[in-house]
Number of protein chains: 2
Amino acid sequence: MVESPQRAGADLDSVFKALADPTRRAIVASLAGAEASLTTVAGPFEMTLPAVAKHVGVLERAGLVAHVRVGREKRLRLVARPLGEAERWLESYRSFWDDRLASLDTFLARDQRT
Amino acid sequence: MVESPQRAGADLDSVFKALADPTRRAIVASLAGAEASLTTVAGPFEMTLPAVAKHVGVLERAGLVAHVRVGREKRLRLVARPLGEAERWLESYRSFWDDRLASLDTFLARDQRT
DNA sequence: CGGAGATTCAACCATTTGGTTTAGTATAGG
DNA sequence: CCTATACTAAACCAAATGGTTGAATCTCCG
């Protein structure tokens, strides 16, 4: 079994929703570099710590971030798998775009009134 | 210029948000097969037509769906590019998951409370 | 013309989201 | 023990979401 040790689900809904916010994507980006505590992650953002904590909560519930307690720190780490799942969903449409990309302009030119 | 003929933006925010709903992903899936009118697309769903129309609106504003008027029909078509953009964002983390996936269990085992 | 089909508009509603503030708990360390 | 640090909890708020209903609007066609 290659499934996640914690939760199997972490469905596309919550993953895409989690990624649909620039702050959260920035958190993901910063955690891709290295593990970091909550306050460290919160550093660059112009919002209060509880707000960032909520964003992290969203990422955690989507399975994109995991944490361990290190003393009083909450050490955050990016979890790869859900990103891979989202990517696979998108990828299943690759044949579509590869095929249709060329014909898009034709389609749009056919009749253009929004 | 390879940019979209209509809107250049269609940012990740709106694309991910649009995909964060199962109804909308189903609409995307059904349009991947073929163009279809609003009512046709709405067929399988247990919700009113205006509700589906709103979902389509979200997809259109995200640049994922385009349409042409054909008589009284609104003929919908999937637009590939934004999917590709989202996919590229995710892909930029591929090296991360490839690298770190192996060490995840180790990380989680280190201290597991919550 | 007149009706039926396809879509749109507008008002309304409950819930979720993204943020705040203020206060609380827990741990590190002099 | 005391204090500063790190986080969590709770109450609150405005705005966005996802749905409904009911009434337009527009177009095809007999």
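Every value quoted in this text rests on a predicted model; they were computed, and no experiment measured them. Letters A, B, ... are given to chains in the order of the sequence lines, protein chains preceding strands, and every chain is numbered from 1.
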Residue pair A:Gly71/A:Lys17 against DNA chain C: nearer the 5' end by closest nucleotide is A:Lys17

B:Leu19 vs A:Leu12 side-chain heavy atoms within contact, under 4.5 Å: no

In whole angstroms, how far is the C1' atom of D:dG19 from the CZ atom of B:Arg24? 12 Å

For atom CE of B:Met47 and atom P of D:dT17, their distance in whole Å: 16 Å

If the condition is side chain to side chain donor-acceptor pair (under 3.5 Å), which residues does A:Thr48 pass it with, not counting sequence neighbours? none

Are side-chain heavy atoms of B:Phe45 and B:His55 found at a separation under 4.5 Å? no

Kindly indicate, with the supporting measurements, whether the criterion side-chain contact (heavy atoms from CB on, under 4.5 Å) is fulfilled by B:Glu60 and B:Leu76. CA-CA 9 Å; B:Glu60 288 191 317; B:Leu76 303 170; 4.1 Å; yes

Output the rounded distance in Å from CG (A:Leu59) to P (C:dG18). 11 Å

Using a cut-off of under 3.5 Å, enumerate the N/O to N/O pairs linking the protein to nucleotides 13-15 of chain D.
none

Should A:Arg69 and A:Lys74 count as side-chain neighbours, where that means a heavy-atom distance under 4.5 Å? yes

According to a hydrophobic-cluster definition based on side-chain heavy atoms being under 4.5 Å apart (Ile, Leu, Val, Met, Phe, Trp, Tyr only), do B:Trp89 and A:Val15 belong together? yes

Between B:Arg61 and B:Ala18 (side chain of the first, backbone of the second, donor and acceptor by atom type, cut-off under 3.5 Å), is there such a pair? no

Any heavy-atom pair between the side chains of A:Ile27 and A:Val52 that's under 4.5 Å? yes

To the nearest Å, how far apart are B:His55 NE2 and D:dT17 C1'? 9 Å

Can you give me the N/O atom pairs linking the protein to nucleotides 5-15 of chain C at distances under 3.5 Å, or say none if there are none?
| from | atom 1 | to | atom 2 | distance (Å) |
| --- | --- | --- | --- | --- |
| C:dG5 | O4' | B:Arg72 | NH1 | 3.4 |
| C:dG5 | N3 | B:Arg72 | NH1 | 3.4 |
| C:dA6 | O3' | B:Arg72 | O | 3.4 |
| C:dT7 | OP1 | B:Leu38 | N | 3.1 |
| C:dT7 | OP1 | B:Lys74 | N | 2.9 |
| C:dT7 | OP2 | B:Thr39 | N | 2.6 |
| C:dT7 | OP2 | B:Thr39 | OG1 | 2.6 |
| C:dT7 | O3' | B:Arg69 | NH2 | 3.1 |
| C:dT8 | OP1 | B:Arg69 | NH2 | 2.7 |

